[in-house]
Amino acid sequence: MRRTLEPYLWLLFSGGGVVAALVVPVLVLLFGVLMPLGIVDWPTAEHLRGLLDGVLVRLALVVVVVLCLFHAAHRIRHTSEELLGIARFDLLVAVMCYGGAIAGGIAAVMLMF
Amino acid sequence: MIDVLIVGGGGAGLRAAVAVAETDPSLKVAVVSKVYPMRSHTVSAEGGAAAVIGAGDTLDEHCYDTISGGDWLCDQDAVEAFVAEAPRELIQLEHWGCPWSRESDGRVAVRPFGGMKKMRTWYAADKTGFHLLHTLFQTTLKYQDVIRYDEWFVTKLVVDDGRVHGVVAVEIRTGRIETIPARTVILATGGCGKVFPFTTNAAIKTGDGMALAYREGAPLKDMEFVQYHPTGLPFTGILITEAARAEGGWLINKDGYRYLQDYDLGKPTPTPKLRSMELGPRDRLSQAFVHEQHKGRTVDTPYGPVVYLDLRHLGEGKIDARIPFVRELCRSYQNLDPATDLIPVRPVVHYMMGGVHTDLDGATPIAGLFAAGETACVSINGANRLGSNSLPEILVFGRRAGIAAAAFAREHRDAEPPAVRSQGGDERRRLERAREGSRHGERIADLREQMQHTLEGAAGIYRTGDELAKAVDTLADLRERAEEARVDDTSTAFNTELINLQELHSMLEIAQTVVACALNRQESRGAHQRTDFSARDDEAFLAHSLVHRAPDGTPSVGLLPVTITRWPPGERVYGRD
Amino acid sequence: MTDTTQAVRQAAGTRTIRMEVARYRPGQDAEPVFQGYDVPLMSDWAVLDGLNHIKDQLDGSLSYRWSCRMGVCGSCGMTVNGEARLTCGTFLTEYGEGPVRIEPLKGFPVIRDLVVDIDDFLAKLSSVRPWLIREGEDLPLTAEYAQTPEQLEAYKQYSMCINCLLCYSACPVYVLDPDFLGPAAIALAQRYNLDSRDMGDRFDVLSQDDAVWGCTFVGECTRVCPKHVDPAEAIQRYKLTAALRSVLPWSRR
Amino acid sequence: MKARDKVTPSAAVRTTSAAYRPRRDNLWFARSRNYTIFVLRELTSVFVAWSMVFLLMLVAAVLDGTLEGFAALAAQPWMIAINVVALAAAAFHSVTFLNLAPKATVVRLDGYRLPAWMIQGGNHSLWLLVSAVIAFFVLRGFR
Ligand SMILES: Cc1cc2nc3c(=O)[nH]c(=O)nc-3n(C[C@H](O)[C@H](O)[C@H](O)COP(=O)(O)OP(=O)(O)OC[C@H]3O[C@@H](n4cnc5c(N)ncnc54)[C@H](O)[C@@H]3O)c2cc1C
Ligand code: SF4
Ligand code: F3S
Ligand code: FES
């Protein structure tokens, strides 16, 4: 029987999809829209730092980043292949997409630990 | 060389194929079908399949219901074999995965059905035939050695010296004409409802198998017995299954009156009673409709007179649970909802009791040629088939024919005679000529329609000698004109017009036998009602009609005694006991 | 012209609808071309009735498949105004004044006019072993395997597939990559997987890049399915099953 | 070899015909509204990815003590524009993803499956809850 990596990728994709669905909108809403527009005040740097001091918070952030990036990588891989008809370059596309996600994950770890 | 070549991929054909594959895997089996097997007409059967299962029911009772339902024209040895083997066939289907509806304890559920005195009709919601056919088809996929000729149309049986040697068939998609040599051939091509204008039958039910056998000299049997189903939707002829009545539906006329009580079918009760009123046999219900029509108590519509089927009192819940497909069909094809509206219905041609004459193993008088399913007449249906007997019939006799053909093929391992090639060559030239097209002549559809109306007029629910005699002439004339029919399509690829023309020839051939048998039978029995001979006449006609093709191409009818074992002819009693 | 035809014409009055039908005659046309026909617009005519009128009265050379005319044989699927439909269950009046464009199902090779090649599907169907797999002794043919209504309900929906292939035609993944196992075949595999009587295992065919993992959950298969089979759901459910089985190797299903 | 290559149902007797194979339709996603919505749904993932980049930039700024600079950057009109679009995409992703979740997870109670709307309702409630908690910690925390 041929082995395939897809089940693992799909689990990461799905997990990422759930996480993204639950946390991304509120984060973008706060930091990307409301605060820059001045509708909500920026929290103090100390407050945010304080949050990041918690190991659990940092760990959670890394998980969120990794999963969401995998989610995006998986979808971008498939959609680009469907939209552009480049399925025959799947290996290359996959390496680029998941590679990007892994790089992002490593960056997150290096940043926070 | 193929050992067992099965023409037809419906329930009967596929059951035969599996039977051969299981009994002797060394034999080469092929299924030739003009449509992909899962498109065969078995797929449309709705109501259910009868077999004795529950406690409190006996084989003898099923026999009696079948024989009395068939107005004592059934061969009783055949009925006994059928009734005895039906339960194991339906259980076999269950073992293959058929999603039969169930009781809450996990056993198979049964429902009442017209003309059956006990609850013995197994069902898979109201898509019994659909589930049965797909289960069978998917099971045959397991037998990878069964060769399938999907979308191949058989145009001729190769018969030499009283023995079959194969078929000639067209691969529809390419137009390739091929002679397929075979040691045995099983015809499982289904019925021929399309010889009538208003029918529940699919477009493919054109009686090809009957015509193939008949042309080579095999006799057809009981062709005058055409079953009208009392409840078809006007215009489309879509069937509203008998299960709708079994679940408690009422037939009412334009005054809202349950008119069946006027026709010796019992007294109305609020809940359904077996073998009574709406659960009477199909022939009697359809005849009652005609009387209502004559009394002016039907409702006129653009598609002819109708009465109503009333399901409203069952309520949405029961309709959705038990007969969801009825609701789906009414909504998508008639634009009404049976939970709130009356369903207009009228009798519609549904089933052919007659067919290729066979013995209990499906063998025809031509050596090596077998027939099973609706295309055959064994005969268990006599003058009127009971609803839900046909699905078990195609299984029981499909299997029997398969086993018998396998045995025949094992015993006859001689080489093919030269006649195979020469007959194949002749047939190829005939078809190629037809494919050259013809710019003059009448359209196939017009000829077909005239044939259909001729049959409806002369061989409908009620018949008279005069009308039938006239129809003999009309059909002879139509046959000549059909030889000159106009053909637009000269292409080899998927030329459906060429196929339609072959089907028209088959139907005309069959139509002639129906009319000839009806004219010959000067009595009224079951589905055959003559206004000029309104009584049953056991003295002269407790016999099958057997029709041969005379050398000049016209049908010649004789009689064959009925086999009676334990049930002497009696009166058919419904609704009073 | 026969009586019925005349009656139909009369009932329709002068109302007609234009049907633009894709024609492809191998050897004659390099690619499909449209041919227009005017047919009577009857309130209870399906698109298929219109095609039958063309074939019977106007042009006998038009080719298409049909049989039951009651939405159960699955042969009359075509593309009607861009959408995959069963033509026997699609009323002409849905298209108002017309025109209605009839094309073959998308995603399949066209054999002739409106007829497409579906052999590929049949091969795929048999590859998923769509039959009941049992191990050990079979029951004798005197007793059925018990199955409660709840157990029946667990797979019933997936057993309703009529193999009409509208779902394949609507699925962009299949149209772009014919190797994709596709919605109906997977739904039918699930029909057996979820049957309480089945002991088979179809992981080897289903958990493949061009089987369940090829599906990107476009969901069109489910939307066009005339029998509410919901193949999209069948596929996503199997993805979960297969994924869990891959990470938890000891969990067989 | 694929399992399905071993299967040859009727290939033995099939002649291949000169069938017409339609060319790839490069604009397939524009052919129907549903396809377009599907593609848009998939493209939300680009913005999910962007959001992660943005989040990492924020974290970096907090850790480096350059939050001011980050705030100034985030207040650039083009930045706000990107984030407004990202917000819409993220919300679209949430709605579609949480609605589709019951397809893969069939929950059975008493033998009969839980209707989809219940699972969807649960998912959306969870979404609100998680959002509220995050907002609470970001804005107030337990000071
Ligand atoms: C609407 C409807 C509902 C019914 N409901 C019930 C019911 O509830 N209970 C019941 O018991 N019975 C019912 N019946 C009757 C029953 O369905 C049929 O009698 C039975 O299915 C016939 O099966 P068959 O295998 O003989 O033929 P079919 O299923 O009709 O198959 C015929 C096969 O022969 C092939 N064929 C035909 N001609 C050729 C040719 N020239 N070349 C190659 N192949 C050819 C076709 O492709 C097809 O595969 C119903 C019938 C109808 C019309
Ligand atoms: S899943 Fe639905 S659309 Fe697909 S083939 Fe089956 S019935 Fe047709
Ligand atoms: S449309 Fe196609 S991509 Fe999946 S959900 Fe249906 S199979
Ligand atoms: S003709 Fe059978 S499904 Fe339409």
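Treat the numbers as computed from the prediction; the structure is a model and nothing was measured. To find a chain, count down the sequence lines: A is the first, B the second, and so on, and within it residues start at 1. Values below: every heavy atom of this structure, side chains too, minus hydrogens, waters and symmetry copies.
- At a heavy-atom separation below 4.5 angstrom, chain B is approached by L152(C), Y155(C), K156(C), S159(C), M160(C), C161(C), I162(C) within residues 152-162 of chain C.
- Here the closest heavy-atom approach between residue I91(B) and residue A143(C) is recorded as CG2-O, 3.4 Å.
- Of the atoms belonging to E46(B), it is side-chain heavy atoms, and not backbone ones, that fall under 4.5 Å from chain C.
- E144(C) places a side-chain N or O within donor-acceptor distance of the main-chain N or O of V108(B), the cut-off being under 3.5 Å.
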Side chain to side chain contact (heavy atoms under 4.5 Å, CB included) between F137(B) and L125(C), worked out: CA-CA 11 Å; F137(B) 175 61; L125(C) 177 64; 4.2 Å; yes
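- Looking only at heavy-atom pairs under 4.5 Å with chain B, the residue among P140(C), P130(C), A146(C) that has the most is P130(C).
- Sequence neighbours left out, the pairs with a member in residues 42-51 of chain C that pass salt bridge (charged side-chain N to carboxylate O under 4.0 Å, His left out) are D49(C)-R69(C).
- Not one N or O on the side chain of R39(B) forms a donor-acceptor pair closer than 3.5 Å with the backbone of R65(C).
- With hydrogens and angles disregarded, no donor-acceptor distance shorter than 3.5 Å links the side chain of H95(B) to the backbone of L132(C).
- Residues P99(B) and R191(C) come closest through the heavy atom pair CD-NH2, 4.0 Å.
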Audit row: T142(C), R88(B), side-chain hydrogen bond (donor to acceptor under 3.5 Å, both in side chains) steps and yes/no: CA-CA 6 Å; T142(C) 46; R88(B) 55 153 284 172; over 6 Å; no
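- Only the side chain of V115(C) comes within less than 4.5 Å of a heavy atom of chain B; its backbone N, CA, C and O stay farther away.
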Criterion side-chain hydrogen bond (donor to acceptor under 3.5 Å, both in side chains) on K142(B) and S126(C), from CA distance to verdict: CA-CA 8 Å; K142(B) 185 162 73 175; S126(C) 20; over 6 Å; no
Criterion side chain to side chain contact (heavy atoms under 4.5 Å, CB included) on W45(C) and F235(B), from CA distance to verdict: CA-CA 9 Å; W45(C) 270 22; F235(B) 175 50; 3.4 Å; yes
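- Shown here are the salt bridge (charged side-chain N to carboxylate O under 4.0 Å, His left out) partners of D488(B), two or more places apart in sequence or in another chain: R439(B), R443(B), R486(B).
- A donor-acceptor pair is defined here as one N or O able to donate and one able to accept, closer than 3.5 Å; no such pair exists between the side chain of S63(C) and the backbone of N495(B).
- Checking side-chain atoms of R102(B) against main-chain N and O of P149(C) turns up no donor-acceptor pair under 3.5 Å.
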Working for side chain to side chain contact (heavy atoms under 4.5 Å, CB included), residues M70(C) and T200(B): CA-CA 9 Å; M70(C) 58 191 281; T200(B) 59; over 6 Å; no
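- Side chains of K55(C) and T496(B) form a contact here, defined as non-hydrogen atoms less than 4.5 Å apart.
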Side chain to side chain contact (heavy atoms under 4.5 Å, CB included) between R129(C) and Q138(B), intermediate numbers included: CA-CA 8 Å; R129(C) 297 190 288 278; Q138(B) 288 164 9; over 6 Å; no
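- No hydrogens or angles considered: nothing links the side chains of S67(C) and K205(B) as a donor-acceptor pair under 3.5 Å.
- Annotation: maximal heavy-atom pairing with chain B below 4.5 Å, among G74(C), S196(C), C68(C), occurs at G74(C).
- At a heavy-atom cut-off of under 4.5 Å, chain B is reached by L188(C) from residues 182-189 of chain C, listed in order of number.
- Taking 4.5 Å as the limit, some side-chain heavy atom of D119(C) sits within range of a side-chain heavy atom of R173(B).
- Closest heavy-atom contact between Y333(B) and F91(C): CA-CZ, 4.1 Å.
- To the nearest 0.5 angstrom, E150(C) atom CD is 8.0 Å from S104(B) atom OG.
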